[in-house]
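Everything on this sheet refers to the single structure shown next.
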There are 2 protein chains.
Amino acid sequence: MQTLRRIPYYHQILSDMEQKGEQFVSSKYLAHFFHVDDTQVRKDVSVIGYKGKPKSGYSVSGLKGAIGDFLGINTENTAILIGVGRLGSALIEYPGLSEYGLKLVAVFDSNPVKQDKVIGGFTVLPMESLKRVIQSFDVGIAIITVPKNAAQGVCDLVVEQNIKAIWNFAPTQLSASADVTVRNENMAVGLALLSHYLKKRKAESAIFA
Amino acid sequence: MQTLRRIPYYHQILSDMEQKGEQFVSSKYLAHFFHVDDTQVRKDVSVIGYKGKPKSGYSVSGLKGAIGDFLGINTENTAILIGVGRLGSALIEYPGLSEYGLKLVAVFDSNPVKQDKVIGGFTVLPMESLKRVIQSFDVGIAIITVPKNAAQGVCDLVVEQNIKAIWNFAPTQLSASADVTVRNENMAVGLALLSHYLKKRKAESAIFA
DNA sequence: TAGATTGTTAATCGATTAACAATC
DNA sequence: TAGATTGTTAATCGATTAACAATC
């Protein structure tokens, strides 16, 4: 569903507008960021279940709040993080997590050298503690920041413990059964898309030269 | 175009398979990662312009190469990076960039304290040098890793210099004219989507409880 | 009031899947 | 040869846009 992909961006735009003190926003304004029709935005908003006012548009804070409720980021989601390397450490200290309703409850690493160290207030736990922690905290999301070759193994491990949402930062495509949501964050994808765009552009300008 | 979004993932999967020494892959196997029909994969492959062999499938290395050509990552794209903070510095040293055909030619920061420092082999340049560098290197991509509030300004600046592809890591939605491609990398989006999924799941299990 | 903007139904467009022949 | 898998056309499904009434 494309609507669902746009909604987090709306939220971000509305946060920025709120900070600038804007009160209202029109569907036309929101649409221009996505290069889509403003009808599309109004339809997206109706999915969220929010109502605007003819002539003035949508209340910035009202719509932002409705999106937060819709996405479930206004309530807390518990998470664990596995793999305390460079990226993992950065994520642990990233303030954006709590801003979006994520509450880290524990961090893990299979390397004994890293265990018992404290990072961002968390003591790094051994993988053996995984089962116990997931069960006692009712963990919703597992964040995977282990090296590429270890990622699928870790994924299988947490799925076994009944985790249903995985946020994968290892540069590999994880596979899990359809009832588990895997979000693969992968910088190479963005890079590849930009590269393709530039290539097409060059080809076109060659034709019209 | 959804096909275009899947293609970089195919590339990643094929790289992994190549490393493991796999020779052939079927459309069915590729399809299962995306939870789509295998017909879809065959259609995607036809867009790339590659041919498989009935019964055996697609050559892993052959298809990988064809995707590389299609995406333009087999040839070099020049890039600059603006904003040498924590994330910017990490990106400069990230080996994945060159793996996907990106060649960094210069890095910038508006903070005089950071200028003249050397990071990953690059001397940090002042913003004043932007124009000169872009013109003399025929720069294709601008990577923006400045703080949120500075991002749109930097975006306008590089668009003025005729840059047509922007890779934005600042957590804000940049806007540019339709002929400029902006890729917004935004962790909050992934988080929001996972959160929504969990919320929906909870609601459903409440209904069927 | 007139004009701007929302909300919604119908029409169009694009993406996905079904069906099946071609082929190794 | 028989079976598996590709490639492609037709059918279906979903997302986007066009049209327009409702309303502040």
Side-chain angles (χ1 to χ4, degrees), chain A residues 1-10 13-14 17 22-67 70-71 173 178 181 189 192-193 196-197 200, chain B residues 1-10 13-14 17 22-67 70-71 173 178 181 189 192-193 196-197 200:
Chain A
M1 197 198 210
Q2 291 305 103
T3 294
L4 197 51
R5 295 192 198 204
R6 281 187 296 265
I7 289 176
Y9 287 108
Y10 293 145
I13 293 163
L14 293 166
M17 292 182 76
E22 312 271 355
Q23 303 274 321
F24 285 92
V25 62
S26 69
S27 55
K28 197 178 164 193
Y29 178 76
L30 288 172
H32 100 274
F33 285 98
F34 302 91
H35 306 296
V36 295
D37 201 90
D38 49 315
T39 308
Q40 185 63 69
V41 172
R42 293 202 288 282
K43 242 194 147 195
D44 290 350
V45 171
S46 87
V47 169
I48 295 160
Y50 189 71
K51 295 277 180 192
K53 279 185 201 160
K55 178 137 173 150
S56 44
Y58 303 101
S59 150
V60 168
S61 63
L63 181 52
K64 185 192 161 201
I67 291 176
F70 178 79
L71 290 174
Q173 191 74 0
T181 285
V189 173
L193 291 173
H196 174 72
Y197 170 79
K200 219 180 61 185
Chain B
M1 195 197 210
Q2 291 304 104
T3 294
L4 198 50
R5 295 191 198 205
R6 282 187 296 266
I7 289 175
Y9 287 108
Y10 292 145
I13 294 164
L14 293 166
M17 292 183 75
E22 312 272 354
Q23 302 273 322
F24 285 91
V25 62
S26 70
S27 55
K28 197 178 166 194
Y29 178 75
L30 288 172
H32 101 275
F33 285 97
F34 301 91
H35 305 297
V36 295
D37 200 271
D38 50 315
T39 308
Q40 185 63 69
V41 172
R42 293 201 290 281
K43 241 193 146 197
D44 290 349
V45 172
S46 88
V47 168
I48 294 160
Y50 189 71
K51 295 278 179 191
K53 278 185 200 157
K55 177 139 173 150
S56 45
Y58 302 102
S59 150
V60 169
S61 63
L63 181 53
K64 187 192 161 200
I67 291 176
F70 178 78
L71 290 174
Q173 192 74 0
T181 285
V189 173
L193 291 173
H196 174 74
Y197 170 79
K200 219 178 63 184

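FYI, side chains are in, hydrogens and waters are out, and symmetry mates aren't considered; it's all heavy atoms of this structure.
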*Counting heavy atoms from C-beta on, name the nucleotide in C:dT16, C:dT8, D:dT17 closest to the side chain of B:Lys43.*
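My answer, after comparing the listed nucleotides, is C:dT16.
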
*asked:* Closest approach to the side chain of A:Gln2, judged atom by atom: which nucleotide of D:dT17, C:dT16, D:dA15 is it?
replied: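 For A:Gln2, the side-chain atoms sit closest to D:dA15.
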
What's touching nucleotides 19-24 of chain C from the protein side, N or O pairs under 3.5 Å?
none

*Which part of the nucleic acid, if any, lies within contact of A:Lys28, taking any heavy atom under 4.0 Å across all strands shown: a base, the sugar-phosphate backbone alone, or nothing?*
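Answer is nothing: A:Lys28 stays at 4.0 Å or more from every strand.
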
*asked:* Just to be sure I understand the rule, does B:Ser27 reach a base, reach only the sugar-phosphate, or reach nothing, if contact means heavy atoms closer than 4.0 Å?
replied: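 Sugar-phosphate, backbone atoms only, no base.
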
Min side-chain heavy-atom separation [X]-[Y] under 4.5 Å:
| X | Y | value |
| --- | --- | --- |
| B:Val47 | B:Phe70 | yes |
| B:Pro8 | A:Leu193 | yes |
| B:Asp44 | B:Phe34 | no |

*Closest nucleotide of DNA chain D for A:Gln40 versus for B:Val45: which of these residues is on the 5' side?*
B:Val45

*Does B:Arg6 place a side-chain N or O at less than 4.0 Å from the phosphate oxygens OP1/OP2 of C:dT16?*
yes

*Report yes if a side-chain nitrogen or oxygen of A:Tyr29 is closer than 4.0 Å to either non-bridging phosphate oxygen (OP1 or OP2) of C:dA4; otherwise report no.*
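Negative; the distance criterion is not met.
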
*asked:* With a sphere of 6.0 Å drawn around CD of A:Gln23, does it hold more than 12 non-hydrogen atoms of other residues, nucleotides or ligands?
replied: no

*Mind checking whether B:Tyr50 and B:Tyr58 have parallel, tilted or perpendicular rings, split at 30° and 60°?*
tilted

_Would you call the rings of B:Phe33 and B:Tyr29 parallel, tilted or perpendicular, taking 30° and 60° as the class edges?_
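Rings of B:Phe33 and B:Tyr29: perpendicular, as their planes differ by over 60°.
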
*Verdict with reasoning, B:Gln2 to B:Gln40, per side chain to side chain contact (heavy atoms under 4.5 Å, CB included)*: CA-CA 10 Å; B:Gln2 291 304 104; B:Gln40 185 63 69; over 6 Å; no

_Watson-Crick and G-U pairing of DNA chain C, under 3.5 Å, as dot-bracket with | and [ ]_ = ..||||||||||||||||||||||

*How many Å lie between NE2 on B:His35 and C1' on C:dT17, as a whole number?*
17 Å

*Using side-chain contact (heavy atoms from CB on, under 4.5 Å) as the criterion, point out the one residue from A:Leu63, A:Val41, A:Val25 that pairs with A:Tyr10.*
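Filter result, single survivor: A:Val41.
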
